[in-house]
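To start, the structure itself, in C-alpha cells.
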Amino acid sequence: MHADAARLSKTLEKLGYQLVDGIWQHPERRIAAFLGDFIDTGRDNRKVIEQVRTMVKAGNAIAVMGNHELNALHYHTPGKNWLNTDDGFMRAHDDKNRGQHQSFLDEYPVGSAEAQDVMNWFLTLPLFLELEGLRLVHACWDARHVDLVEKRWSDGRLKAEDLQEVAFERTDFAQAVVNLVKGPEATLPSGCGFHDYRRTWREKARIKWWADPAGANWRDATLSVPNPLELPDSSIEGKLDCAFYAPDAPPSSSDTTSALDCRWYPMPRMSFA
C-alpha cells in the first residue's frame, strides 16, 4: 500500500469490507492477505500501519514482510552497514536511503518510542506463509530459500539477532531473506542498464521468477523496469540463479497485487500481531 490510506480503504471497500468500531471486517468473515510494503512513498504511514495492524490482531487479516519493512528495520537499528558509513546504523543514512524513507521518518523519527514499537511489529511479520492451497510472499517464492529460512526459524520470522547478518547480504541465509522480499536480480550485459522509478541508474534487473526465460529476451523476462526499451533487445545468455516456479505448484501470490481477499481458499484463523 506504500502509506496510501485512501487506496487501502478503497480496496477493502471494493472487496466488501466494512469499518466496524475502527476495525475493517467482512460480513462473511473473509480474511484479507497483505503482502507487505505498508510504508514509504505515501503520506499515511501511521494510518496504514494502524489499520493493517488492527485487522491482523482481530484475526481479519494475515500479512507478510516486504522489502520496505526490512529496509526500515535496518535503517532504525544500530549497527554496521555494507557501505561502511559512520552513522552507526545497519542501513546507511545517506541521501538516497533517507529520501526513500522520508515520509515514514516524518511520522516516526529514528529513536522514537513509536518507531521502535513499529519495528517490533515488523519483526512479527513472517517472510512467507504456506497455507492450504496457497502461498504468500512479498517478492519471490523460491523453495530453496524458503527451506533455508525454515531450517533456522520454523515460523519464517526474522529475529533481531538476524538483522546484522542480513544487512551485509553475505551468507546463504541473508541472501535467501533478501531474495524472498526483493526478488532475484540478473546482471544486464556489459554497458547496459535502465533508470528505475526514482531515476536511479541500475545495471541489474529483477526477473520474472514465475516464468522460465529460456528463449526470451531481456525486455520480456524482467519486471519493475519503467521503460523496457532501455533494456537490450537480445536473448538472455547463460543460466540465471533462480528456481523458476513450476506450473503445477500451488498458487503463489506476490506483490503484483498488494491485498488479496482469501474468499476462495480455506483459511485458518490466524493472528501475527
Side-chain angles (χ1 to χ4, degrees), residues 1-5 8 22-24 31-81 87-93 97-98 100-129 136-139 149-150 152-169 173-174 176-178 180-182 255 258-259 268-273:
M1 290 299 167
H2 280 301
D4 189 338
L8 173 59
I23 302 174
W24 287 99
I31 297 176
F34 293 104
L35 304 175
D37 275 7
F38 306 114
I39 63 172
D40 299 331
T41 306
R43 307 302 305 178
D44 303 318
N45 293 269
R46 184 182 301 275
K47 289 181 180 179
V48 169
I49 289 170
E50 290 177 349
Q51 289 183 16
V52 172
R53 204 169 169 177
T54 55
M55 286 184 71
V56 172
K57 186 175 182 179
N60 298 336
I62 53 178
V64 297
M65 181 184 292
N67 59 303
H68 281 256
E69 285 76 49
L70 180 61
N71 288 345
L73 283 164
H74 285 142
Y75 196 96
H76 290 258
T77 303
K80 298 180 180 180
N81 60 72
D87 48 46
F89 290 88
M90 295 184 189
R91 183 170 172 83
H93 288 194
N97 292 339
R98 188 181 303 107
Q100 183 186 72
H101 195 45
Q102 190 60 58
S103 74
F104 182 90
L105 294 173
D106 291 341
E107 297 183 74
Y108 296 99
V110 172
S112 67
E114 287 185 312
Q116 186 56 55
D117 178 64
V118 172
M119 296 306 118
N120 292 340
W121 181 66
F122 286 167
L123 284 173
T124 71
L125 300 172
L127 294 165
F128 53 83
L129 282 172
L136 302 176
V137 68
H138 179 70
V149 171
E150 283 186 326
R152 181 178 296 190
W153 304 117
S154 60
D155 62 2
R157 294 180 177 86
L158 288 177
K159 307 300 183 284
E161 57 262 36
D162 300 319
L163 293 177
Q164 184 65 82
E165 177 185 354
V166 176
F168 284 118
E169 301 184 17
F173 177 83
V177 171
V178 171
L180 291 167
V181 300
K182 294 186 179 180
D255 68 346
S258 56
R269 301 295 298 173
M270 305 174 72
S271 177
F272 301 114

Worksheet item: Thinking salt bridges, do Arg53 and Asp117 make one under a 4.0 Å N-O criterion?
Response: yes

Worksheet item: Among pairs that include at least one residue of residues 49-70, which meet ring pair (Phe, Tyr, Trp, His ring centres under 6.0 Å), considering only residues two or more places apart or in two chains?
Response: His2-His68

Discussion item. Run Arg43 and Asp106 through side chain to side chain contact (heavy atoms under 4.5 Å, CB included) and show every step you take.
Written reply: CA-CA 9 Å; Arg43 307 302 305 178; Asp106 291 341; 2.8 Å; yes

Practice prompt. Applying side chain to side chain donor-acceptor pair (under 3.5 Å), name anything that partners Glu150, two or more places apart in sequence or on another chain.
Written response: none

Fill in: Positive for side-chain contact (heavy atoms from CB on, under 4.5 Å) with Met65, one of Val177, Asp37, Leu73, Thr124
Leu73

Discussion item. Side chains of Val48 and Phe34, heavy atoms from C-beta outward: is any pair under 4.5 Å?
Written reply: no

Practice prompt. List in chain and number order the residues that pass ring pair (Phe, Tyr, Trp, His ring centres under 6.0 Å) with Tyr108, two or more places apart in sequence or in another chain; answer none if no residue qualifies.
Written response: Phe104

Worksheet entry | Gln51 and Met55: CA distance, side-chain angles, deciding distance, side chain to side chain contact (heavy atoms under 4.5 Å, CB included) verdict | CA-CA 6 Å; Gln51 289 183 16; Met55 286 184 71; 5.7 Å; no

Worksheet entry | Validation row: Phe173, Val149 side chains within 4.5 angstrom (heavy atoms) | yes

Discussion item. So Thr77 and Met119, do their side chains get closer than 4.5 Å, heavy atoms only?
Written reply: no

Response to the item:
Looking only at heavy atoms, the pair that brings Lys80 and Ala167 closest together is O-CB, 4.4 Å

Worksheet item: Are Val166 and His74 side-chain neighbours, meaning at least one heavy-atom pair lies under 4.5 Å?
Response: yes

Practice prompt. Assess whether side chain to side chain contact (heavy atoms under 4.5 Å, CB included) is satisfied between Gln164 and Met90, documenting all intermediate values.
Written response: CA-CA 7 Å; Gln164 184 65 82; Met90 295 184 189; 3.8 Å; yes

Item to complete: Can you see which heavy atom on Pro109 is nearest to which on Ser112, and at what distance?
Response: O-OG, 2.8 Å

Worksheet item: Do you know the tightest heavy-atom contact between Ile39 and Phe122?
Response: CG2-CZ, 4.0 Å

Practice prompt. Go through the steps for Trp121 and Val52 under the test side chain to side chain contact (heavy atoms under 4.5 Å, CB included), then give the verdict.
Written response: CA-CA 11 Å; Trp121 181 66; Val52 172; 4.0 Å; yes

Worksheet item: Side chains of Asn71 and Lys182: closer than 4.5 Å at any heavy-atom pair?
Response: yes

Worksheet item: Do Leu8 and Lys47 come within less than 4.5 Å of each other through their side chains, counting heavy atoms only?
Response: no

Fill in: Pair Phe89 + His76: ring centers closer than 6.0 Å
no

Worksheet entry | Any donor-acceptor pair under 3.5 Å from His93 side chain to Tyr75 backbone | yes

Fill in: Donor-acceptor pair, side chain of Gln100 and main chain of Asp40, under 3.5 angstrom
no

Worksheet item: Arg152: what forms a salt bridge (Lys or Arg N to Asp or Glu O under 4.0 Å) with it, not counting sequence neighbours?
Response: Asp162, Glu165

Item to complete: Supply the atom-to-atom distance Leu70 CG to Leu163 CG, rounded to the nearest 0.5 angstrom.
Response: 7.5 Å

Worksheet entry | Pairwise distance CD1(Ile62) to CD1(Ile31) - rounded to 0.5 angstrom | 6.5 Å

Fill in: Partner residues of Glu114 under the salt bridge (Lys or Arg N to Asp or Glu O under 4.0 Å) criterion, sequence neighbours left out
Arg46

Worksheet item: Going by heavy atoms in the side chains, are Val64 and Val137 under 4.5 Å from each other?
Response: no

Worksheet item: Heavy atoms, side chains only, cut-off 4.5 Å: are Arg91 and Asn81 in contact?
Response: no

Fill in: Leu136 to Ala33 - nearest heavy-atom pair and separation
CD1-CB, 3.7 Å

Worksheet, complete the sentence: Sequence neighbours excluded, the answer for salt bridge (Lys or Arg N to Asp or Glu O under 4.0 Å) partners of Asp155 is Arg157, Lys159

Fill in: Sole candidate of Thr41, Asp44, Asn45 that passes side chain to side chain donor-acceptor pair (under 3.5 Å) when paired with Ser103
Asn45

